[in-house]
Amino acid sequence: MSAGALPGFRDFYPKELAEREYVFRAWHAVARRFGFEQYDGPPLEALELYTRKSGEEIVTQLYNFTDKGGREVALRPEMTPTFARMVSARANALRKPVRWYSLPQLFRYERQQKGRLREHFQLNVDIVGESELSADAELLAVALEVMRECGLSVDDVVARVSDRRLLSSLLAAWGVPDDAVPAAYAAIDKVDRDPRPVLVERMRQAGIAEGTASAILEAVVRSDIAELRAAHHVIPAVAEGLDRIEAYLALMDAHGLRDWVQFDLSIVRGLAYYTGIVFELFDRKGEFRAICGGGRYDNLLRDLGDTDLPALGFGMGDVVLGELLRARGLMPSEQRGTDFFIAAEDPVKDVDVVRLATELRGLGASVEYAFRRGSLSKQRKAAWSAAASYIVEVRPTPDGQRIVVRDGAGAGFVSAVSNERTLGDVLGDTLLEPGDLMKVIRAHPRAVRPDFTVRTEA
RNA sequence: GUGACUGUAGCUCAAUUGGUUAGAGCACCGGACUGUGGCUCCGGGGGUUGCGGGUUCAAGUCCCGUCAGUCACCCCA
């Protein structure tokens, strides 16, 4: 077996590229519908851009090397640092709020597994310079509308949302000491995966009373706003956090997406820089990794540089989304073929075929024909194989040539055209809508031989 | 980085449990036939059985290593 792509990297054959483009089109369409502008940055950045906030251990997960100029560089593992750098550089000049999106290819040196390669494309959508809750709702709406654009329904996908501020105020209300908060976050993050006693034990070792730990995990699993309000309403920070979540859910309702959203305190997000509402999208069956994750990171720009602007954003990878679409039968499998495939029978000359092809191409149609002409049936097979919408057969007659248009799907003859009119004459400028071909042919009855009836068969 | 499982044609799988020259379907290429059509028939190219070593008269099959894939952990995009 010959060597394939490097581990964790993908070859995109036409079929795979068609699938990728399908997802990209959905991303572009939704981002633009919400008024986001596309940007991009370099795939290679200074290593320091990533180590500054994350520390040196991140280097083990990066594709990094020393370039010929002695610079320490890395392939970008995420887009946010690049985004932050670009925004910071022109922070004063940019119209606020900044609403940008990007489709970067990201790289990470890690052992691959399901839904996780060493390279992927990710839709990044970010808003900078807006602290209003409506921006948080708009951001999640973009992510969910992508799901809808791809044909997924509320039965397929759920958005789980939480709020870092609310969770930390709840932990304070439960009496969790400050130095035990990270351990509590870690346990809460794993509440769906690890056995409850194990998590309680970990929290106990971090200095949280066993009874409190159990109560916290139970409350997190329930994530019942009314219950939380009843239990902790006297604490202003908690009441404020609950108000905010309810207002957020009301906004999602206004977006027509309330059914997709579920309040879930167990959504913590690994990244430390989130400061407010955070969310993750999952398939409801729980077969795949998170489809998308994001939230508010109001302090990141300040911490990364000298710009202090509130910000929020999400990343959505093409790998998990692609797996989900394929599993649900929502990934278009047929590649779009050419509009016309010209098949010619001897002794029709090659130059006549090329002239016809050129004429059709001039009208904006995509056209293919056999370079090495075989039998008519062979050319027809080639046309079917090319998934052509229509097969144009050029056949010799005693007094010239006759053109027969055949439905590429095998539905039957569509039209026969005598040599006194060119196919372009008949089809005219409606070629851009091949589906209307039959209409055009009916409008030109002289071009249709009486004994050829248009047929459609099952 | 750690662990488990799996590697035979582009794809899906065979190969009488260690026994001749590793086969089939699909796909691809060529030919025949039919100018109401994706059929049918004939033929062809494709494999160092992931790679390397070992045991044996004999290895696709057993053992070791390595690489790759899958999954989990770690971590997160």
Side-chain angles (χ1 to χ4, degrees), chain A residues 1-11 13-16 50 54-55 57-63 75-83 102-125 186 189-190 193-194 268-274 280-281 287-295 313-321 323 341 343-346 348 372 374-388 390-391 393-397 402 404-414 416 451-457:
Chain A
M1 214 175 284
S2 60
L6 286 169
F9 285 78
R10 296 169 289 177
D11 287 328
Y13 287 86
K15 177 180 158 51
E16 286 79 30
Y50 305 111
S54 310
E57 73 270 13
I58 191 88
V59 175
T60 62
Q61 312 231 321
L62 289 177
Y63 268 97
L75 289 170
R76 59 186 176 194
E78 56 168 329
M79 199 56 178
T80 305
T82 299
F83 173 73
S102 190
L103 270 57
Q105 187 175 24
L106 305 176
F107 306 87
R108 193 142 198 165
Y109 194 87
E110 268 196 313
R111 200 143 161 192
Q112 65 168 320
Q113 52 187 294
K114 188 183 181 188
R116 208 149 178 198
L117 306 173
R118 287 180 170 179
E119 145 276 320
H120 74 154
F121 290 90
Q122 190 187 62
L123 169 65
N124 271 253
V125 177
D189 191 36
K190 293 196 164 32
R193 311 187 53 159
D194 293 354
V268 175
R269 303 280 303 145
L271 291 173
Y273 56 67
Y274 287 107
E280 290 184 355
L281 266 52
E287 295 171 41
F288 303 98
R289 292 170 176 281
I291 301 161
C292 166
F314 72 78
M316 181 189 296
D318 70 320
V319 179
V320 175
L321 180 56
E323 285 173 353
F341 191 106
E345 193 173 18
D346 293 330
V348 171
R372 226 171 349 121
S375 67
L376 205 53
S377 67
K378 197 175 184 62
Q379 294 177 73
R380 225 176 271 146
K381 280 177 188 170
W384 285 319
S385 174
Y390 298 96
I391 303 169
E393 295 181 1
V394 184
R395 296 175 177 174
T397 58
R402 189 161 62 90
V404 173
V405 183
R406 209 182 258 283
D407 188 317
F413 277 126
V414 170
D451 56 319
F452 280 118
T453 50
V454 175
R455 247 192 353 180
T456 53
E457 57 189 25

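The basis for the numbers below is simple: all heavy atoms, side chains too, and nothing from hydrogens, waters or symmetry mates. Each chain gets a letter, A, B and so on, in the order its sequence line appears, and its residues count up from 1.
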Is there a side-chain contact between [X] and [Y], using heavy atoms and a 4.5 Å cut-off?
X        : Y        : value
A:Glu78  : A:Gln122 : no
A:Phe314 : A:Leu123 : yes
A:Arg10  : A:Val319 : yes

Inset, instruction - Determine: side-chain N/O of A:Lys378 to OP1/OP2 of B:C33, distance under 4.0 Å, yes or no. - result: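 The answer is no; no side-chain N or O of A:Lys378 sits under 4.0 Å from OP1 or OP2.
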Inset, instruction - Find which nucleotide of RNA chain B each of A:Tyr109 and A:Gly293 is nearest to by heavy atoms, and output the residue with the more 5' nucleotide. - result: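 Going by which nucleotide is closer to the 5' end, it is A:Tyr109.
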Spacing of [X] atom [atom1] relative to [N] atom [atom2], expressed in whole Å:
X        : N     : atom1 : atom2 : result
A:His120 : B:C75 : NE2   : P     : 19 Å
A:Asp11  : B:C11 : CG    : C1'   : 16 Å
A:Lys381 : B:A32 : NZ    : C1'   : 10 Å
A:Glu393 : B:G38 : CD    : P     : 13 Å
A:Gln122 : B:C76 : CD    : C1'   : 11 Å
A:Tyr274 : B:C76 : OH    : P     : 12 Å
A:Leu376 : B:C33 : CG    : P     : 14 Å
A:Arg380 : B:U36 : CZ    : P     : 7 Å

Separation of the [atom1] atoms in [N] and [M], to the nearest angstrom:
N     : M     : atom1 : answer
B:C13 : B:G53 : C1'   : 29 Å
B:G45 : B:G23 : P     : 13 Å
B:C75 : B:G69 : P     : 23 Å
B:G18 : B:C63 : P     : 11 Å
B:U17 : B:G60 : P     : 16 Å
B:G52 : B:A59 : C1'   : 15 Å
B:G3  : B:U61 : P     : 25 Å
B:G31 : B:G47 : C1'   : 26 Å

Give a yes or no on whether the backbone of [Y] and the side-chain of [X] come within a donor-acceptor separation of less than 3.5 Å.
X        : Y        : answer
A:Arg118 : A:Arg108 : no
A:Glu323 : A:Gly115 : yes
A:Gln379 : A:Ala344 : yes
A:Arg289 : A:Lys114 : yes

Inset, instruction - Could you tell me whether A:Arg372 contacts a base, only the sugar-phosphate backbone, or nothing, with contacts defined as non-hydrogen atoms closer than 4.0 Å? - result: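 Sugar-phosphate contact only.
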Inset, instruction - Taking atom OH of A:Tyr109 as the centre, report whether more than 12 heavy atoms of other residues, nucleotides or ligands fall under 6.0 Å from it. - result: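 No, the 6.0 Å shell around OH holds no more than 12 heavy atoms from other groups.
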Inset, instruction - Not counting sequence neighbours, which residues clear side chain to side chain contact (heavy atoms under 4.5 Å, CB included) with A:Pro104? List them please. - result: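 Side chain to side chain contact (heavy atoms under 4.5 Å, CB included) list for A:Pro104, sorted by chain: A:Arg76, A:Met79, A:Ser102, A:Leu106, A:Asn124.
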Legend entry - Proximity to the side chain of A:Lys190 - top-ranked nucleotide from B:C75, B:G31, B:G38: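 Nucleotide nearest to A:Lys190's side chain: B:C75.
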Inset, instruction - Answer syn or anti for B:G44, where the cut-off is 90° from 0 on the glycosidic torsion. - result: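 Anti for B:G44; the angle lies over 90° from 0.
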Inset, instruction - Based on the glycosidic angle (syn within 90° of 0, else anti), state the conformation of B:U56. - result: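 Base orientation relative to the sugar is anti.
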Legend entry - Residue pair A:Tyr274 / A:Gly293: nearest heavy atoms and the distance that separates them: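 That would be OH-O, 4.4 Å.
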Inset, instruction - Would you name the heavy atoms of A:Leu117 and A:Gly8 that are closest together and state the gap between them? - result: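 Nearest pair, atom of A:Leu117 first, then A:Gly8: CB-O, 3.2 Å.
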Inset, instruction - Quick one: stems involving RNA chain B, counted as three or more successive Watson-Crick or G-U pairs, both distances short of 3.5 Å. - result: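 As far as RNA chain B goes, consecutive pairing (with distances under 3.5 Å) yields the stems B:1-7 with B:67-73, B:10-13 with B:23-26, B:28-32 with B:40-44, B:50-54 with B:62-66.
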Inset, instruction - Spell out yes or no: do the side chain of A:Arg108 and the base of B:C76 have one donor N/O and one acceptor N/O closer than 3.5 Å? - result: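 Under the 3.5 Å cut-off, the side chain and the base do not form any donor-acceptor pair.
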Inset, instruction - Can you check each nucleotide of nucleotides 67-72 of chain B against protein heavy atoms at under 4.0 Å and return B for base, S for sugar-phosphate only, - for none, in 5' to 3' order? - result: -SSSSS
